[in-house]
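Down below is the structure, laid out as structure tokens.
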Amino acid sequence: QFHVDILPTNKQIIRVGGTAIYHEFQPEISQQQVQQEGFGDDFMEDEQSVLRPIEANVFFEDQIELNDFISLNAGLHNSFYVLDSARFFSLQPRISFRVGPVDRWGVTGSYTNMTQFQHLLSNSGTGLPTDLFVPATNRVPPQTARQFSLGVDRNFKSLGVQVSLEGYYKQMQNLIE
């Protein structure tokens, strides 16, 4: 993992970085077979498969105050994921802005595109609750989401308080239910 902050001016921060992750999934689901022979029972567990995907990503982000009235944060996140013959590539743009003086009410907004390569399966039915993480495969594609937001905020510097109200709309695809 690496992360670098570059400060070309006092009103701009450029961030670049990346990570590489080696996952290991070992589902805790087993099947037992019971055979009755004479006095005892023989229990036998099936072999468990281990899934070992590799995930890598790099990102670039530029946070800049264009003037005393407008600030902008734009970036790109690029992910690559491999599990056996399954290969996924994902470009994830992000942008956010604030329009208004720093010490007054302002309007904020953002757009984000996201990809997640692990699905969380939850069982809250009878018995004990269990969570199981399942990796993306050729049969189960990664989860994707797009989110838009718009809001207003105000920074009361003299009180050390910031107040904000924001609404969002999120589209999600490839969810496992």
Side-chain angles (χ1 to χ4, degrees), residues 1-29 48-100 102 106-122 130-153 155 162 164-177:
Q1 176 176 348
F2 74 96
H3 177 113
V4 177
D5 287 348
I6 303 165
L7 299 122
T9 70
N10 63 346
K11 295 187 180 260
Q12 183 178 19
I13 301 172
I14 297 173
R15 293 182 176 95
V16 294
T19 59
I21 303 169
Y22 172 79
H23 298 280
E24 188 168 292
F25 292 91
Q26 190 169 13
E28 297 294 325
I29 298 174
Q48 302 234 346
S49 62
V50 177
L51 303 172
R52 295 181 174 94
I54 296 173
E55 181 179 350
N57 65 66
V58 294
F59 69 89
F60 171 83
E61 177 182 319
D62 189 0
Q63 180 179 333
I64 186 167
E65 289 181 31
L66 298 174
N67 53 43
D68 291 338
F69 199 71
I70 299 172
S71 60
L72 181 68
N73 187 333
L76 185 65
H77 184 125
N78 179 5
S79 293
F80 185 69
Y81 175 90
V82 177
L83 174 60
D84 299 329
S85 66
R87 287 169 171 48
F88 299 102
F89 178 77
S90 172
L91 283 175
Q92 303 166 45
R94 295 126 198 262
I95 188 164
S96 63
F97 67 88
R98 184 181 190 282
V99 177
V102 174
V107 176
T108 62
S110 69
Y111 167 78
T112 305
N113 189 347
M114 300 165 276
T115 300
Q116 184 170 311
F117 299 108
Q118 289 108 39
H119 297 270
L120 174 61
L121 301 177
S122 294
T130 57
D131 289 339
L132 178 67
F133 285 93
V134 178
T137 65
N138 284 329
R139 293 179 55 201
V140 181
Q143 301 171 60
T144 59
R146 292 182 343 159
Q147 181 172 307
F148 304 87
S149 71
L150 193 60
V152 294
D153 71 358
N155 191 355
Q162 181 178 8
S164 64
L165 175 65
E166 186 173 86
Y168 71 92
Y169 174 73
K170 190 174 197 176
Q171 296 174 316
M172 301 171 76
Q173 296 177 320
N174 300 328
L175 299 179
I176 295 179
E177 296 183 41

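For the single chain, residues carry numbers from 1 onward in sequence order. Note that this is a predicted model, so its numbers are computed, not measured.
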Roughly how far, to the nearest 0.5 Å, is [atom2] of [Y] from [atom1] of [X]?
{"X": "Q162", "Y": "S164", "atom1": "CD", "atom2": "OG", "value": "6.0 Å"}
{"X": "M172", "Y": "Q143", "atom1": "CE", "atom2": "CD", "value": "6.5 Å"}
{"X": "N138", "Y": "R87", "atom1": "CG", "atom2": "CZ", "value": "9.5 Å"}
{"X": "L66", "Y": "S71", "atom1": "CG", "atom2": "OG", "value": "8.0 Å"}
{"X": "F80", "Y": "F88", "atom1": "CZ", "atom2": "CZ", "value": "10.5 Å"}
{"X": "E61", "Y": "H3", "atom1": "CD", "atom2": "NE2", "value": "8.0 Å"}

Specify the closest pair of heavy atoms between [X] and [Y], including all atoms of both residues, with the distance to one decimal.
{"X": "S110", "Y": "S96", "result": "CB-CB, 3.7 Å"}
{"X": "N113", "Y": "R94", "result": "O-NH2, 3.9 Å"}
{"X": "H119", "Y": "P141", "result": "NE2-O, 2.8 Å"}
{"X": "N67", "Y": "I70", "result": "OD1-N, 2.8 Å"}
{"X": "G100", "Y": "R98", "result": "O-NH1, 2.9 Å"}
{"X": "I13", "Y": "L7", "result": "CG1-CD2, 3.8 Å"}

Inset, instruction - Might you work through the side chain to side chain contact (heavy atoms under 4.5 Å, CB included) test for F60 and I14, ending with a clear yes or no? - result: CA-CA 7 Å; F60 171 83; I14 297 173; 3.5 Å; yes

Is the shortest side-chain heavy-atom distance between [X] and [Y] below 4.5 Å?
{"X": "P135", "Y": "L51", "result": "yes"}
{"X": "Q118", "Y": "F25", "result": "yes"}
{"X": "K11", "Y": "D68", "result": "yes"}

Legend entry - Neighbour count above 12 (heavy atom, 6.0 Å) for Y168 OH: no

Legend entry - Any donor-acceptor pair under 3.5 Å from R52 side chain to I54 backbone: no

Legend entry - Donor-acceptor contact below 3.5 Å, side chain N174 vs main chain P142: yes

Legend entry - Steps toward side chain to side chain contact (heavy atoms under 4.5 Å, CB included) verdict (K170, M114): CA-CA 11 Å; K170 190 174 197 176; M114 300 165 276; 4.0 Å; yes

Legend entry - Residues F89, N78; criterion side chain to side chain contact (heavy atoms under 4.5 Å, CB included); working and verdict: CA-CA 8 Å; F89 178 77; N78 179 5; 3.1 Å; yes

Inset, instruction - Return the orientation label for the Y81 and F117 ring planes: parallel under 30°, perpendicular over 60°, tilted otherwise. - result: parallel

Inset, instruction - Would you mind telling me which of N73, L72, L76 makes a side chain to side chain contact (heavy atoms under 4.5 Å, CB included) with I95? - result: L72

